[in-house]
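This report concerns only the one structure given below.
The sequence lines fix the lettering, A, B, ..., with proteins before strands; numbering per chain opens at 1. Because the structure is a prediction, the values reported are computed rather than measured.
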There are 2 protein chains.
Amino acid sequence: MARIDLGRATQLSPATITAITSDMLEEGLIVGIDADEPRAPLARGRPRSLLAIDGSAANVISVRISVNRIDLAMADFAGQIFHSRKVYYDATLADRGTFPATLTDAVRDFVAAAGVDPESVLEIGVASQGIVDTNKGEVVWSPAFAGRDIPVVGPLQEAFSARVTLSNDTNMITEALHWSDPERYSGTFAVIMVDYGVGMGLFLDDHLFVGASGAAAEIGHANHIPGGARCRCGRSGCLEAYLADYALLRMTQALPDVTDPASMPVTANTFEELHERAEAGDAQVIGALLQAGTALGYGVARLLAVIDPARIVLTGAGIRAYPFMEQAMHTALEDALVEDLRRSLTIDVVPWNEDFIRRGLIAQAMRRLDETLVIATRRVRTGRSSLAP
Amino acid sequence: MARIDLGRATQLSPATITAITSDMLEEGLIVGIDADEPRAPLARGRPRSLLAIDGSAANVISVRISVNRIDLAMADFAGQIFHSRKVYYDATLADRGTFPATLTDAVRDFVAAAGVDPESVLEIGVASQGIVDTNKGEVVWSPAFAGRDIPVVGPLQEAFSARVTLSNDTNMITEALHWSDPERYSGTFAVIMVDYGVGMGLFLDDHLFVGASGAAAEIGHANHIPGGARCRCGRSGCLEAYLADYALLRMTQALPDVTDPASMPVTANTFEELHERAEAGDAQVIGALLQAGTALGYGVARLLAVIDPARIVLTGAGIRAYPFMEQAMHTALEDALVEDLRRSLTIDVVPWNEDFIRRGLIAQAMRRLDETLVIATRRVRTGRSSLAP
DNA sequence: CAACTTTTTTTCGGGCGCCAAAAAAAATAG
DNA sequence: CTATTTTTTTTGGCGCCCGAAAAAAAGTTG
């Protein structure tokens with residue numbers, strides 16, 4: 001990228017850009033590129049001299065924890081992922097005693113296999129399914145663990161010099177959408193992910209919103225029908241109990257809605273199988289999807305009434321069958337909410353992509369890294385050592 | 001207030017405070033006070049020289065529109081309300097054709113009666129019951145009007161040189177709470193006002209949240225029971241249809257829940273009368289309040305699941321009977337939401353005070369005024385005229 | 001009452017971030 | 001080779017803020 005374009009992008013004057021980039025060059029955060037840019041024919045003037053982020057300046061790691069599996073990825077300072085792997089563990093044995101060691105070992109092996117200096121890893125972003133407490137750095141409850149209150153940030157922080165951050169996985173999808181298309185995904189929007197459970201991410205007034213305790217946006221456990229269907233969380237009538245994989249199976253088999261979610265035979269392919277059956281015309285599945293669509297419509301209506309987002313994004317494996325839910329969802333939305341409150345809404349259906357969470361984690365880690373580096377840069381220039389008061 | 005305290009409050013150095021206050025003294029925004037502060041005995045050192053905001057520097061007006069009534073108040077630059085009046089109009093005749101003139105005339109008369117130069121009024125803050133569109137400056141729908149889409153900001157803006165802002169009335173309560181006790185009411189909290197309808201204000205991450213279209217926080221019309229009780233908005237099962245005055249009357253009289261809300265004989269004293277009957281032991285009223293408490297509990301539970309506020313404030317005339325609703329509300333909350341999501345919650349019950357809205361409007365107007373004055377001050381110092389590009 | 005202490009306020013010089021204008025650099029066009 | 005175009009750098013300056021020192025205005029002490 002040329003300095004003149006940086007100026008346009010940041011709204012700073014060329015003079016300022018020169019000052020800032022020359023500092024960054026000195027510190028090795030960016031490098032000049034010798035290779036000439038392909039210039040348009042008939043282009044006159046001094047050629048642009050391109051700058052690039054020096055990938056080797058630092059590394060960040062993303063860690064995604066799902067049931068039985070830890071997905072690891074390492075990105076350089078340019079955001080390029082150059083190493084990744086999946087590690088398997090037994091979720092039924094993972095609790096606050098055993099999992100921290102499992103996790104730190106997995107990350108340590110991963111760093112060694114990547115062949116980078118452990119000190120070069122400055123940020124580790126962790127996302128987990130379930131309810132997380134960002135402030136405490138613990139996973140309060142998750143299907144990925146047998147126990148509760150699993151510490152994640154603490155153990156990693158001790159084992160590595162990096163800063164560690166724990167996030168809700170749907171929040172990371174929200175972040176990834178924002179970075180992938182800032183034009184479209186800015187301001188105030190909500191992401192609803194229908195998958196193993198039902199998660200939500202909120203982007204409000206141009207910022208990711210995480211709530212007071214960092215456990216925000218658990219729309220899956222917002223009540224849909226008082227005293228309704230049994231949910232995995234032990235309560236009755238949660239939205240999730242009408243939308244998640246186990247809920248769809250239960251409705252397909254016309255089982256009573258007090259049937260224990262844990263007894264339903266869900267697999268990683270449940271949504272895909274149900275979708276195929278629906279396409280084949282299976283009336284039971286289609287009926288279940290209609291019920292799910294209705295529940296989703298009520299959930300969206302309540303969200304609109306409380307938050308008034310300009311856009312709601314639907315994603316997750318469970319949204320594959322959206323065509324079978326769409327009509328019921330819109331009907332429910334119209335039944336549930338006065339027109340004034342829904343006239344400005346846009347609904348996006350984004351095909352599910354596992355990579356979203358990883359990209360969100362890395363985007364967030366990079367931003368945090370940038371913030372610390374700005375401060376570090378200031379110290380260097382001022383001549384203040386980091387040990388000074 | 002002494003300069004040294006300003007420094008402590010703003011985290012600026014004494015040197016900076018002197019620089020800024022001397023500019024403000026020059027512009028007449030603040031004045032020095034000659035009268036000595038009562039000093040503590042044994043106090044040594046140079047006595048503080050107190051500064052005060054010069055109230056005469058500017059004026060702001062707050063306008064609250066409710067059914068049949070417009071409440072006007074004028075405050076000076078120090079935030080002191082020195083003139084107020086109520087003006088009555090006929091809500092059944094007020095529509096987009098007639099109301100703008102009614103409003104501008106009322107404000108014009110009010111300014112004349114206050115005896116201030118109309119040019120000295122720099123901000124007008126308007127709050128209305130119902131659904132408002134802050135961006136357009138129109139009241140989309142309100143019980144205070146016969147018609148829909150009533151323009152408010154446009155007509156006032158044309159009639160006066162002031163900046164005009166339209167807000168949701170519950171948002172102004174939220175703002176007022178924040179200013180009255182910033183320690184307690186900061187970060188992320190929600191205000192639910194049960195009154196003629198059910199309104200909500202959200203304060204998220206230290207900012208008042210107004211949603212994408214400025215119509216946020218209409219929790220009253222968030223669905224409680226799909227296909228449930230008839231609401232004023234024309235839909236069924238809204239939270240309001242279980243909590244508002246007409247809903248309580250309907251439940252007290254054991255009328256079918258499809259009974260038209262408009263047919264219920266509500267008055268300004270309905271809540272007070274119901275509360276008295278409950279205290280006298282009227283089983284029908286107590287039963288209705290239990291139902292309302294349950295509905296409120298579900299509403300609070302859904303809000304917690306979506307937003308995760310650290311605190312929820314309950315207020316409004318309808319909350320007078322809270323003691324009769326409390327038990328049912330907590331039971332509903334426990335039934336509706338998994339414990340992890342409600343363990344960090346505090347519920348405040350704040351006795352209703354009509355003055356909240358006025359204070360919120362004035363606080364908001366003052367802040368806006370401060371922002372414009374900072375820019376104006378900069379212009380003065382720089383010597384740039386406001387006509388310069 | 002002069003010298004010292006305490007507390008608040010002001011002055012002075014300087015750093016940082018940003019900018020406009022001018023200058024320099026590096027290319028093309030004729 | 002000169003003019004033109006475009007990008008980058010240099011220069012000087014402004015605004016905001018700060019730390020240190022000085023000044024101001026009181027009380028305390030012998």
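Between the C1' atom of D/dT7 and the CZ atom of A/Arg3 lies a distance of 9 Å, rounded to the nearest Å. Here D/dG15 presents its P atom at 11 Å from CG of B/Asp23, a figure rounded to the nearest Å. In this structure, B/Arg46 atom CZ and D/dT28 atom P are separated by 18 Å, rounded to whole Å. What separates CD1 of B/Ile30 from P of C/dT9 is a distance of 12 Å, to the nearest Å. Atom CZ of B/Arg48 is separated from atom P of C/dT8 by 5 Å (rounded to the nearest Å). Taking atom CD1 on B/Ile4 and atom P on C/dT6, their separation rounds to 16 Å, with Å as the unit. One atom, CD1 of B/Ile20, and another, P of D/dG15, lie 14 Å apart when rounded to the nearest Å. Atom CG in A/Leu50 sits about 14 Å away from atom C1' in C/dA26, given to the nearest Å.
A/Asp348 is linked by a salt bridge (Lys or Arg N to Asp or Glu O under 4.0 Å) to A/Arg184, A/Arg311, counting only residues two or more places apart in sequence or in another chain. In this structure B/Ser56 satisfies the side-chain hydrogen bond (donor to acceptor under 3.5 Å, both in side chains) test together with B/Asp54, sequence neighbours excluded. By the side-chain hydrogen bond (donor to acceptor under 3.5 Å, both in side chains) test, B/Ser180 is found to be paired with no residue, residues two or more places apart in sequence or in another chain being considered. Residues satisfying the ring-ring contact (aromatic ring centres under 6.0 Å, His included) criterion with A/Phe203, sequence neighbours excluded, are A/His178, A/Phe189. Judged as a side-chain hydrogen bond (donor to acceptor under 3.5 Å, both in side chains), and not counting sequence neighbours, A/Ser84 has no contacts. Remark: A/Asp355 pairs with A/Arg358, A/Arg359 by the salt bridge (Lys or Arg N to Asp or Glu O under 4.0 Å) rule, at least two apart or across chains. Every residue two or more places apart in sequence or in another chain that forms a side-chain hydrogen bond (donor to acceptor under 3.5 Å, both in side chains) with B/Arg368 is listed here: B/Thr165, B/Gln364.
For B/Ser49, a side-chain nitrogen or oxygen approaches OP1 or OP2 of C/dT9 to under 4.0 Å. Between C/dT7 and B/Arg44, no contact under 4.0 Å exists linking OP1 or OP2 to a side-chain N or O.
Nearest nucleotide to the side chain of A/Pro47, out of C/dA27, D/dA26, D/dA23: C/dA27.
Under the 3.5 Å distance criterion, the side-chain polar atoms of B/Thr372 are matched with a main-chain donor or acceptor of B/Leu369.
Here A/Thr18 contributes atom OG1 and A/Leu12 contributes atom CG; the two are 11.0 Å apart, rounded to the nearest 0.5 Å.
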Please write out each protein N/O paired with an N/O of nucleotides 19-22 of chain C under 3.5 Å, distance rounded to 0.1 Å.
residue: C/dC19; atom: OP2; partner: A/Ser13; partner atom: N; Å: 2.8
residue: C/dC19; atom: OP2; partner: A/Ser13; partner atom: OG; Å: 3.2
residue: C/dC19; atom: OP2; partner: A/Thr16; partner atom: OG1; Å: 2.8

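From one end of the helix from C/dC1-D/dG30 to C/dG30-D/dC1 to the other, with five pairs defining each end axis, the axis direction shifts by 30° (rounded to 10°).
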